[in-house]
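Letters go in sequence order (proteins before strands), and every chain restarts at 1.
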Amino acid sequence: MSSHHGNLKIYNSLSGQKEKFEPLHENRVGMYVCGPTLYSEPHMGNMRTFINFDMIYRYLLVLGYQVKYVRNITDAGHITNSLGEAEDSIGKAARMEQMQSLEIVYKYNVKFQELQRIYNLLPPSIEPTATGHIQEQIEHIEKIINNGFAYVVNGSVYFDVKKYSEKFEYGILSGRKVDELAEETRTLNAQDEKRFFADFALWKKANPEDMQIWRSPWGDGNPGWHIECTAMSTKYLGPHFDIHGGGMDLKFPHHEDEIAQNCGSLGCNPAKYWMHANMLNVNGQKMSKSLGNYFLPQEIVEGSTELFDKPYSPDVIRFFMMQAHYRSNLDFTSDALNAAEKGFSRLSDAVMLLDKLTVATNSSFNVGELVSSFYTAMNDDFNAPTLIANLFEAAKKINLINDGKETISKDDLNILSAHLTIFISDVLGLRIGTSNSDSKLSPVMDLVLELRQQARENKDWTTSDKIRDGLAAAGIVVKDTKEGTSWS
RNA sequence: GGUCUUGUGGCCGAGUGGCUAGGCACCAGUCUGCAAAACUGUGUACAGCGGUUCGAAUCCGCUCGAGACCUCCA
């Protein structure tokens, strides 16, 4: 479809380098991204990862790939707390909110779907749930046991890291060495069923207070944290697919253990390219529940968080996030958000000018080169910040054309216009010019501005300024240009 | 302690060894009834020290600082 199709480079966490992207099957891409655990409402930091992978998904689509994008929903699973004890976080939330586990999951899933709509995320091809794939998880565990990489103790099943590392390399993704892990035997207490510190649960025997319990060949229990991703990625994308993504904090142990499970069960690394999105910071520190420095995606749109003194539109937030590379940290501050808000509005204004430009027989600048720079930026490991810098170059040109200082031909204008739409709305997922389309307000504004124009023609500045100031107080900005007065 | 990332002008943030990143803010000017917007011009930025090189923000070493993971986390 696109001539820029074959030039994409992706930073692969496995190699630590940018690599030419060559899908396993021509023109088709399989992508799996670790989704949310629905025991609470996702915070802004969680959303950053999903927004980044949404951008990645969107660009792959623009390049003409047929993409199968799978993002799971974790609605079950045994998780260990800081003391090393088994603890079901969903069950815990359920007890605290006096609901059943399924109610908790459903409640936060509804919320999550709403957030996806607010932040303009494209729905993935499939959003499979862990609880819907218990049988597949059990089958994987059985395979791993049969291959000799897991053992059963008291109704639980553990992955045998030492056995595994005789044949495969444990730590290939995170750079950890099994020998070094061995030195950290401090937390291995006498009651622990694990043979080795780094062994991890594939299946965990049920506790009496567990709210969700499933039957298995090893007795009633819950699946381990990592096995659901192995089961679901295999089911929908096969044993080996193109891209596996997630937040940086999942690199170890979650993704490392996924690799071990996949190798242990199917003999291969699940993904060719591993991608990790960086964290969202607040005042230099990772946003997290435990630090309490988090806010909810809805709060910032409503302006109800104490961290910021005004609300920001979801598109401004998205724009702000896109100004930082997905592999970089990003700090949320009022100053940075205000700058993004103004910048986005400048870009929007320029785009909305496109329809009003007058065309010439020739263009005074190279439109093809400009458009090409959009692809170049994105082909370099999805460099959205550079793309935005190039979009601002386009905005500058549009303004100059509008001022009669540059010219553009009809064909070039069509090309530029089409590609701005592709990159701003299709790739970055930003919505432009949706604010002043209120059908009732529009005729009122036309009338008000007509009255003001009459006052101006009569040099009645008192009246015209009163109208302008009054509108400003109501949040409507009036701009006088050569072509007439506009408002927003 | 181990593994890894990182330190860019007032703020945010790209950066392939040599060619203006970009945005916001600031200053001056053009335009305008005034404003806003738009346009133009203006910034001796690359933590510190040393090394490689004709040339380093970019490569190497050391020092200092920051962060992530090693326990649930996007």
Look for any protein N or O under 3.5 Å of an N or O in nucleotides 37-42 of chain B and output each such pair with its distance, or none.
from: B:A38; atom 1: O3'; to: A:N399; atom 2: ND2; distance (Å): 2.9
from: B:A38; atom 1: O2'; to: A:D403; atom 2: OD2; distance (Å): 3.2
from: B:C39; atom 1: OP1; to: A:N399; atom 2: ND2; distance (Å): 2.8
from: B:C39; atom 1: O4'; to: A:D403; atom 2: OD2; distance (Å): 3.3
from: B:C39; atom 1: O2'; to: A:K405; atom 2: NZ; distance (Å): 2.9

With a cut-off of 3.5 Å and sequence neighbours excluded, list every side-chain donor-acceptor pair involving residues 348-360 of chain A.
from: A:S348; atom 1: OG; to: A:F344; atom 2: O; distance (Å): 2.7
from: A:D349; atom 1: OD2; to: A:K479; atom 2: NZ; distance (Å): 3.0

C1' atoms of B:G61 and B:U44, separation to the nearest Å: 28 Å
Parallel, tilted or perpendicular: rings of A:Y32 and A:H244 (30°, 60°): tilted
ring-ring contact (aromatic ring centres under 6.0 Å, His included) against A:Y236, all qualifying residues, sequence neighbours excluded: A:H133
Test side chain to side chain donor-acceptor pair (under 3.5 Å) applied to A:K289 - qualifying residues, sequence neighbours left out: A:S40
is_close_aromatic(A:Y119, A:F50), centroid dist under 6.0 Å: no
Whether A:F382 and A:Y59 hold their rings parallel, tilted or perpendicular, with breakpoints at 30° and 60°: perpendicular
Contacts of A:F423 that satisfy ring-ring contact (aromatic ring centres under 6.0 Å, His included) - sequence neighbours left out: A:F374, A:Y375
Which residues share a ring-ring contact (aromatic ring centres under 6.0 Å, His included) with A:Y273, sequence neighbours left out: A:F21
For A:E41, all residues meeting side chain to side chain donor-acceptor pair (under 3.5 Å), sequence neighbours excluded: none
Which residues share a ring-ring contact (aromatic ring centres under 6.0 Å, His included) with A:F320, sequence neighbours left out: A:F332
Side chain A:R468 and base B:C34 donor-acceptor under 3.5 Å: yes
Contacts of type salt bridge (charged side-chain N to carboxylate O under 4.0 Å, His left out), residue A:D160, not counting sequence neighbours: A:R195
Secondary-structure stems for RNA chain B, with pairs counted as Watson-Crick or G-U when both distances are under 3.5 Å and runs at least 3 long: B:1-7 with B:64-70, B:10-12 with B:22-24, B:27-30 with B:38-41, B:47-51 with B:59-63
Filtered N/O pairs between nucleotides 45-47 of chain B and protein, under 3.5 Å:
none

N/O donor-acceptor pair, side chain A:D465 with base B:G33, under 3.5 angstrom: yes
Protein-nucleotides 10-12 of chain B N/O pairs closer than 3.5 Å?
none

Quiz item: cation-pi between A:R71 and A:F53, 6.0 Å / 45°: no
